[in-house]
Engineer: 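Following this message is one structure expressed as structure tokens.
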Amino acid sequence: MKNYDHKKIEKKWQKEWSNKKVYKTLDAGKGKKMYVLDMFPYPSGVGLHVGHPRGYIGSDVYARMKRMEGYNVLHPMGYDAFGLPAEQYALQHKIHPRKAVEENVKTFERQLSIIGLSYDWSRKVNTTDPKYYKWTQWIFLEIYNSWYDNLEDKARKINELISIFEKSGNEKINAVCSNDTKIFSAKEWKDFSVREKQDILMKYRLAFEGYSEVNWCPQMGTVLANDEIVTDAKGNSVSERGGYPVEKKSMRQWFMRITAYADRLLSGLEDLDWSDHIKEIQKNWIGKSQGSEIEFKIKNHDLNIKVFTTRADTLFGATYVVLAPEHPLIIKEQLLITNREEVKKYVEKVKKETDEDRTNNDKEKTGVELKGIKAINPANGEEVPVWIADYVLATYGTGAIMAVPMHDERDRDFAKKFGLPIIDKPLVDAKEITDKVGGKIVTKYKMRDAIFARQRYWGEPIPLKHDKEGIITDLKLKDLPLELPTVKSYEATGTGESPLAGVKSWVKEGYETNTMPGWAGSSWYFLRYMDPTNGKFFASKKATDYWNEIDVYVGGQEHATGHLLYSRFWNNFLYDMGYIKTKEPFKKLKNQGMILATDGRKMSKRWNNVINPDDIVSNYGADTLRVYEMFMGPFEQSLPWSTESIIGSRRFIDKVDRLKDKVKKVKSNEALEKVLHKTIKKVTEDIEDFALNTAISSMMILVNEMEKATDIGEKDFKMFLQILAPFAPHITEEIWQELGEKKSIHKSSWPKWDKEKIVDETVTIGVQVNGKVRAEILIDKEMPEEKVKELALNDQKVIFWLENKSVKRIIYVKGRIVNIVV
RNA sequence: GCCCGAGUGGCGGAAUUGGUAUACGCGCACGACUUAAAAUCGUGUCUCGUAAGGGAUGUGGGUUCGACCCCCACCUCGGGCACCA
């Protein structure tokens with residue numbers, strides 16, 4: 001590497017910017033605001049590869065331009081350091097997780113600092129800081145102490161629900177609640193014990209306690225969320241991290257009633273400036289479907305089976321009914337099932353299966369008939385058999401279906417295997433038949449309530465206490481944060497309980513031993529950046545009113561069904577409570593593509609193909625790394641790294657550096673001026689659209705033009721430095737100040753292009769004969785159509801091609817093309 | 001299986017969204033500078049053809065004066081969901 005000394009220059013300016021607080025965000029209320037955010041990372045400890053900074057560089061380019069455009073830019077960085085990755089790292093290295101986090105943050109910051117990112121580090125947040133998680137706990141309590149009112153379509157305080165119960169019971173209430181809720185009157189409510197009241201309220205709370213079959217990982221000693229599980233090569237479920245086997249286990253859990261927000265999470269997507277791709281993923285995940293709930297009476301019993309179907313129009317073709325093996329009806333004793341033993345055996349067998357086995361649709365259908373009972377098709381009064389089968393899921397719809405083998409492939413497979421009738425009946429109107437048989441139209445979602453508990457040490461303690469009678473009390477704000485106690489061993493107990501269950505003082509106080517999952521702290525951190533040191537509230541009203549929402553959010557698309565959904569849920573909730581004034585937190589979302597290794601695979605230690613940004617910065621400089629990563633290709637596209645190609649970006653910067661010798665206090669020639677102003681326009685618009693690769697290529701064209709010129713006007717060159725500054729902040733600052741500027745280039749105002757200077761009076765256009773380009777003509781842009789056509793027809797080459805042919809038609813598209821049809 | 005997205009030189013990719021396909025960069029070849037190399041600069045570089053000219057945007061068809069762009073069918077790759085009734 002020749003030419004300028006990037007090491008010297010970059011270090012010098014990074015220090016200077018930090019000393020002079022060039023990137024300091026002003027307080028709320030000062031000027032027009034712009035909130036540009038990166039998804040904050042897990043400081044995992046393995047260090048960065050060149051793919052990690054790509055998103056950070058993109059958002060940095062954007063933030064830098066906005067700052068120069070005069071916005072008060074909030075562009076912070078922080079750490080999401082609770083959760084499995086940090087804990088696993090700590091376990092492997094036999095150190096306390098807190099220590100591990102500190103170390104990893106240090107590594108991370110060193111690696112980031114040399115890239116020249118314009119964060120305001122004074123706003124740094126860390127989810128594991130008690131001053132931070134105080135508010136995570138507080139938000140949890142707010143959610144816990146709320147219920148969802150379907151009529152007002154918003155969350156409300158639990159106290160308001162209690163008042164309703166005291167006045168009228170829950171007879172008429174329309175709320176989102178667990179579906180086994182019983183109806184009671186005001187009088188009954190009054191007579192319930194404290195415990196009974198607690199149990200009822202728990203069915204309404206937006207954060208609630210319950211039991212569930214969970215994905216249990218014995219090796220890790222923890223429960224995993226569905227998105228933390230992957231399928232290995234043999235088709236078994238294993239943990240994403242570590243690849244340990246995962247099985248089913250029933251366990252006490254805390255949940256978040258995210259399903260209450262399903263419809264809002266869906267409709268809220270509409271106005272967001274996100275890629276259709278991510279919207280699609282969230283839509284599928286929420287999985288809304290309209291259908292009917294219809295009751296099938298059980299013959300000779302006072303019981304019925306409620307089924308959910310989206311095809312009520314096929315009701316006449318329903319030839320049997322299937323229950324999920326977990327369906328509560330099956331264990332009812334009054335049900336005169338004659339083959340109970342067989343049924344029990346099947347249910348046991350299904351229990352042992354993992355989700356993976358059960359939901360594999362290549363699997364052959366299995367099931368058992370409930371002998372001795374029949375259901376009655378309400379459409380025609382016909383008796384139909386009742387089966388249980390594992391292809392029906394207890395957790396979706398009503399846990400029971402009507403089977404229409406004629407119209408449903410799964411039902412047909414099942415019917416064929418067990419010799420059940422497949423009949424073709426005419427279709428009817430879905431709504432009419434639903435009404436007629438006394439069913440109702442309902443909406444169902446695939447999305448489930450989210451488990452909000454981990455049997456782990458390294459997470460936010462859940463700020464609740466259980467007394468000996470099982471009465472739960474919530475901590476008050478003044479008692480927060482409830483800090484994690486120090487423990488002798490933070491390793492998994494292996495019994496399924498959190499290490500906190502082994503801390504005597506903790507258990508004696510009755511504190512909850514579960515901790516919060518990794519996504520708790522990351523579901524609201526963007527609000528904390530607005531006012532990161534506030535001790536009285538998660539952020540002041542002034543701050544949240546001013547910063548309001550994230551204008552541009554940059555991060556990986558792997559968070560589509562996790563973080564991006566949970567954050568929207570919490571933000572919507574906080575909006576309902578009146579704490580913030582916007583429902584949706586992320587107005588515009590950009591998902592940077594991955595950088596793959598040169599071999600086209602993911603970068604990983606395992607493949608030994610990792611490229612470390614430290615080496616690139618050391619060999620080529622941060623400016624080169626930045627320019628190259630933005631130039632490689634479209635920002636949202638995944639691309640392989642090329643060790644060969646990066647030299648082009650370095651050459652570009654070297655050229656810029658050399659050009660300064662040509663800079664004189666003169667006016668540039670007109671042609672150069674024209675290219676410059678076109679480039680300013682292009683770069684400004686491209687950065688706005690995150691078309692960062694073409695922004696750079698247009699600047700390369702400008703530089704090539706500048707090389708041809710004998711001298712370059714100083715004013716013009718400075719404008720060029722300014723538009724390059726977001727991409728290559730160090731070298732541009734160096735030359736800027738060499739040219740006599742005293743203030744940082746990054747505090748200068750973004751140049752404006754001169755409209756006058758970018759119009760071309762003359763333009764070369766192609767002349768086609770029958771759609772093939774045969775000639776080029778130089779025309780005046782405003783030349784009348786007739787004259788252009790005349791010019792085209794008189795061109796020598798055109799004359800050659802028109803020989804012996806008669807012109808049928810001539811098409812002229814202004815300033816673009818002439819097409820002569822013969 | 002269903003739902004998205006994408007297929008353009010040796011390589012990464014451009015193309016004002018229907019108007020001169022292959023910008024910009026890498027690589028490669030030749031040349032200049034140099035004792036030499038590196039660096040730098042210049043010229044060339046889709047393909048067949050000596051040329052005139054022909055053919056090319058995954059494949060085949062269609063619409064249009066004109067198609068990388070719109071429509072139909074198919075192939076390949078990437079992603080999401082996956083027995084959700």
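The chains referred to below are lettered A, B, ... by the order of the sequence lines, with proteins before strands, and numbering in each begins at 1. Just the heavy atoms: all of them, side chains too, but no hydrogens, waters or symmetry mates, feed the values below.
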Engineer: Would you classify B:U17 as syn or anti? Syn applies when the glycosidic angle is within 90° of 0.
Structural biologist: syn

Engineer: Could you let me know what B:G25 is paired to, Watson-Crick or G-U wobble, both distances under 3.5 Å, or none if it's on its own?
Structural biologist: B:C11

Engineer: Does a distance-only test, which skips hydrogens and angles, find a donor-acceptor pair under 3.5 Å between the side chain of A:Asn284 and the base of B:C81?
Structural biologist: no

Engineer: Under 4.0 Å, heavy atoms only, any strand: does A:Val767 hit a base, just the sugar-phosphate, or nothing?
Structural biologist: nothing

Engineer: Does A:Asp795 reach the main-chain N or O of A:Ala775 with its side chain, forming a donor-acceptor pair under 3.5 Å?
Structural biologist: no

Engineer: For ring pair (Phe, Tyr, Trp, His ring centres under 6.0 Å), just list the numbers for A:Phe414 and A:Tyr320, CA-CA rounded to whole Å, side-chain angles, deciding distance to a tenth of an Å, and then say yes or no.
Structural biologist: CA-CA 11 Å; A:Phe414 192 81; A:Tyr320 58 99; 5.7 Å; yes

Engineer: Indicate, with a heavy-atom threshold strictly under 4.0 Å, whether A:Asn704 touches base, sugar-phosphate, or nothing.
Structural biologist: sugar-phosphate

Engineer: What N/O pairs connect the protein and nucleotides 14-18 of chain B at under 3.5 Å? Give each pair on its own line.
Structural biologist:
unit_1, atom_1, unit_2, atom_2, d
B:A14, OP1, A:Asn693, ND2, 2.9
B:U16, O2, A:Arg816, NH1, 3.0
B:U16, N3, A:Arg816, NH1, 2.9

Engineer: Mind running a 4.0 Å heavy-atom check of residues 802-812 of chain A against RNA chain B and sending the residues that fall below it, in number order?
Structural biologist: A:Arg809, A:Ile811

Engineer: Once you apply the 3.5 Å cut-off to both distances, tell me the Watson-Crick or G-U wobble partner of B:C41, or none.
Structural biologist: B:G31

Engineer: Taking only N and O in the side chain of A:Tyr628, is any of them less than 4.0 Å away from OP1 or OP2 of B:G25?
Structural biologist: no

Engineer: Under 3.5 Å, is there a donor on one side chain and an acceptor on the other for A:Tyr445 and A:Ser289?
Structural biologist: no

Engineer: Taking N or O atoms only and anything under 3.5 Å, show me the protein contacts with nucleotides 26-28 of chain B, one pair per line.
Structural biologist:
unit_1, atom_1, unit_2, atom_2, d
B:C26, OP1, A:Arg651, NH1, 2.5
B:C26, O2', A:Ser645, OG, 3.4
B:G27, OP2, A:Arg651, NH1, 3.3

Engineer: Counting only non-hydrogen atoms, which of residues 274-281 of chain A are less than 4.0 Å from RNA chain B?
Structural biologist: A:His277, A:Glu280, A:Ile281

Engineer: I'd like to know if the side chain of A:Thr395 pairs up with that of A:Arg448 as donor and acceptor (distance under 3.5 Å, no hydrogens or angles considered).
Structural biologist: yes

Engineer: Between the side chains of A:Arg311 and A:Asp313, is the shortest nitrogen-to-carboxylate-oxygen separation below 4.0 Å, so that they form an ion pair?
Structural biologist: yes

Engineer: Determine whether a donor-acceptor pair (N or O, by modelled atom type, separation under 3.5 Å) exists between the side chain of A:Lys417 and the backbone of A:Lys365.
Structural biologist: yes

Engineer: Please give me every residue in residues 307-320 of chain A whose heavy atoms get under 4.0 Å of an atom in RNA chain B, ordered by residue number.
Structural biologist: A:Phe308, A:Thr309, A:Thr310, A:Arg311

Engineer: Under 4.0 Å, heavy atoms only, any strand: does A:Ile701 hit a base, just the sugar-phosphate, or nothing?
Structural biologist: sugar-phosphate

Engineer: Can you check nucleotides 42-44 of chain B for protein contacts, nitrogen or oxygen pairs under 3.5 Å, and list what you find?
Structural biologist:
none

Engineer: Classify A:Gln557 by what it touches in the nucleic acid, base, sugar-phosphate, or nothing, heavy-atom distance under 4.0 Å.
Structural biologist: sugar-phosphate

Engineer: Judged by each residue's nearest nucleotide on RNA chain B, which is more toward the 5′ side, A:Ile765 or A:Pro640?
Structural biologist: A:Pro640

Engineer: Checking one value: the base orientation of B:G9, syn if chi is within 90 degrees of 0, otherwise anti.
Structural biologist: syn

Engineer: Using a heavy-atom cut-off of 4.0 Å across all strands, would you classify A:Lys655 as base, sugar-phosphate, or nothing?
Structural biologist: sugar-phosphate

